Amino acid sequence: MLTLKVITENKEEVIRRLAKKRFNGAEIIEQVVELDAKRRALQTTLDANSAEMNNLSKVIGDLFKQGKQAAAADAKTKTAELKETIKTLSVELDSTEKKLNELLVTIPNLPHESVPEGKGAEDNLVERTGGMMPNLPEDAMPHWDLAKKYDLIDFEMGVKITGAGFPVYKGKGARLQRALINFFLDNAREAGYLEVQPPYVVNAASGYGTGQLPDKEDQMYHCQIDDFYLIPTAEVPVTNMYRDVILQESELPVKNTAYSACFRREAGSYGKDVRGLNRLHQFDKVEIVRIDTPEHSYESLTEMVNYVQTLVDKLELPWRILRLCGGDMSFTSAITFDFEVFAAAQKRWLEVSSVSNFESYQANRLKCRFKSEDKKTQLCHTLNGSALALPRIVAALLENNQTPDGILIPKALVPYTGFESI
RNA sequence: GGAGAGAUGGCAGAGUGGUCGAUUGCGGCGGUCUUGAAAACCGUUGUACCGCAAGGUACCAGGGGUUCGAAUCCCUUUCUCUCCGCCA
């Protein structure tokens with residue numbers, strides 16, 4: 001969430017910048033400013049009353065020690081009223097802070113100045129493109145047909161044992177998954193990311209920390225008996241490692257990478273979007289996460305985008321990078337670059353990565369801070385990106401590399417698969 | 001799952017109703033000494049909120065209660081450890 005300081009000190013600017021995200025903040029910002037003023041006034045009077053109470057208690061203690069029972073009893077009667085006042089004030093302060101917090105979590109992050117205006121996906125800017133478009137015959141097969149032809153993925157089996165969106169990978173299909181995971185992790189490690197293996201289920205506090213809760217609750221699978229959530233991305237457990245942590249500036253930037261299975265309910269999806277591997281309830285992804293200083297975070301963002309580009313280049317896929325417009329960006333992001341690869345049989349661009357800088361928005365809720373060289377404690381910036389999500393990469397690889405003699409594996413991946421074609 | 005013990009500052013570990021935001025040790029930071037380092041010695045060392053400031057307030061796992069006053073007493077939740085059971 002945004003910090004109160006930012007909101008109260010730059011009210012007009014905040015409202016203006018929120019508009020780019022198509023969020024009308026005029027009214028809510030006004031409420032926040034009012035509640036904050038109320039909160040401060042309450043805090044001041046509450047503190048004064050508490051101070052008086054503390055003094056009085058000390059006095060009573062002293063009187064008892066000196067054996068002046070009557071005077072002590074007399075002083076005691078005064079505390080009753082104070083006690084009542086303190087109770088009232090702190091209840092009011094609590095409810096004010098709660099209301100304030102409830103408002104704050106409904107305000108999205110401010111988009112970076114370089115984020116383009118726009119309503120939706122059609123307004124995203126193509127930042128750059130690369131890779132070679134394959135020349136496929138007209139009867140080229142989409143990946144779900146190829147998966148069946150070569151017996152790589154059994155969607156029906158997944159339906160039988162779980163439900164739609166939980167495919168079973170088999171034979172070279174399964175080995176390709178394993179190869180891609182190792183390929184991505186090895187590349188990340190070589191780029192300086194520390195590999196971690198996090199839990200796939202998290203508690204509610206972690207869900208709140210990265211912002212999945214409370215608003216995206218229905219997108220996560222929930223184990224009600226234990227109140228655990230299946231992670232929709234490794235971002236959740238990995239970023240939460242830094243919840244309530246004060247890092248030293250010298251430790252930054254923190255660079256972590258993690259493979260995990262990801263679980264998403266994808267409520268409301270339908271049609272061609274969910275065909276084959278295009279959208280699943282369970283999929284594999286390697287994630288990269290960075291924690292950085294405000295001064296350096298945009299440099300980190302550029303490094304992350306460039307890093308992801310090396311992956312799609314090595315996989316010899318046609319790709320493009322989109323700079324998302326204000327209307328298409330996520331709630332918590334300040335700036336996002338999407339990577340898409342072209343699946344040549346479907347003739348569609350498929351999103352395979354999303355690289356974002358959250359600035360201090362996520363860190364504020366996480367209470368992830370760092371101590372700078374001059375001993376000041378301030379909020380970190382957090383960033384993350386997919387590097388990469390597997391299913392759509394597999395879809396593009398299968399479709400683009402199909403030949404009459406089988407499906408060719410990109411050279412960089414062959415040491416990982418152990419086979420050159422399917 | 002059953003029985004018991006526990007949760008205190010970066011770590012270890014005192015503290016069982018007021019003088020405790022908290023003894024002490026280690027670690028960290030600054031200094032003295034030294035060519036430099038170590039050792040020794042001296043000093044310093046949590047977070048948040050309110051306040052122009054002086055200063056004040058809150059925090060001893062979380063929540064509630066008793067009391068003029070709670071790290072300390074009571075209730076409760078969560079977690080950890082030990083033993084037993086089960087088990088990859």
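Naming convention: chains lettered A, B, ... in sequence-line order (proteins, then strands); numbering from 1 in each chain. Model, not experiment: these values are computed from the prediction. Note: hydrogens, waters and symmetry copies are ignored here, and every other heavy atom, side chains too, is used.
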Q. Paired with B/A22 by Watson-Crick or G-U wobble geometry, both distances under 3.5 Å: which nucleotide is it?
A. none

Q: Verify the ring-centre separation between A/Y298 and A/H381: is it less than 6.0 angstrom?
A: no

Q) When you compare B/A70 with B/U57, how far apart are their P atoms, in angstrom units rounded to a whole number? A) 13 Å

Q.
Under 4.0 Å, heavy atom to any atom of RNA chain B: which of residues 82-107 of chain A qualify?
A. A/K83, A/K87

Q: Sort out the partner of B/U67 for me: Watson-Crick or G-U wobble, both distances under 3.5 Å, none otherwise.
A: none

Q: Respond yes when some side-chain nitrogen or oxygen of A/R40 is under 4.0 Å from OP1 or OP2 of B/G51, and no when none is.
A: yes

Q. Hey, is NZ on A/K216 packed in by over 12 heavy atoms from elsewhere, all under 6.0 Å?
A. yes

Q: Write down the partner of B/G6 under the Watson-Crick or G-U wobble criteria, each distance required to be under 3.5 Å.
A: B/C79

**Q.** Identified side chain to side chain donor-acceptor pair (under 3.5 Å) partner of A/S297 from the options A/T382, A/N357, A/T302, A/D292
**A.** A/N357

Q | Phosphate-side-chain proximity, A/K371 and B/G46, N/O vs OP1/OP2 below 4.0 Å | A | no

Q.
Taking pairing as Watson-Crick or G-U wobble with both contacts under 3.5 Å, can you name the mate of B/U32, or confirm there isn't one?
A. B/A40

Q: Figure out the CE/P separation between A/M53 and B/U67, and round it to whole Å.
A: 11 Å

Q. Under 4.0 Å between a side-chain N or O of A/R369 and OP1 or OP2 of B/U47?
A. no

Q. Who is the Watson-Crick or G-U wobble partner of B/A58, with both distances under 3.5 Å?
A. B/U47

Q: Using a 4.0 Å heavy-atom cut-off across all strands, classify A/I246 as base, sugar-phosphate, or nothing.
A: sugar-phosphate

(Q) Counting only heavy atoms and a strict 4.0 angstrom limit, can you tell me which residues of residues 54-61 of chain A come near RNA chain B? (A) A/N54, A/S57, A/I60, A/G61

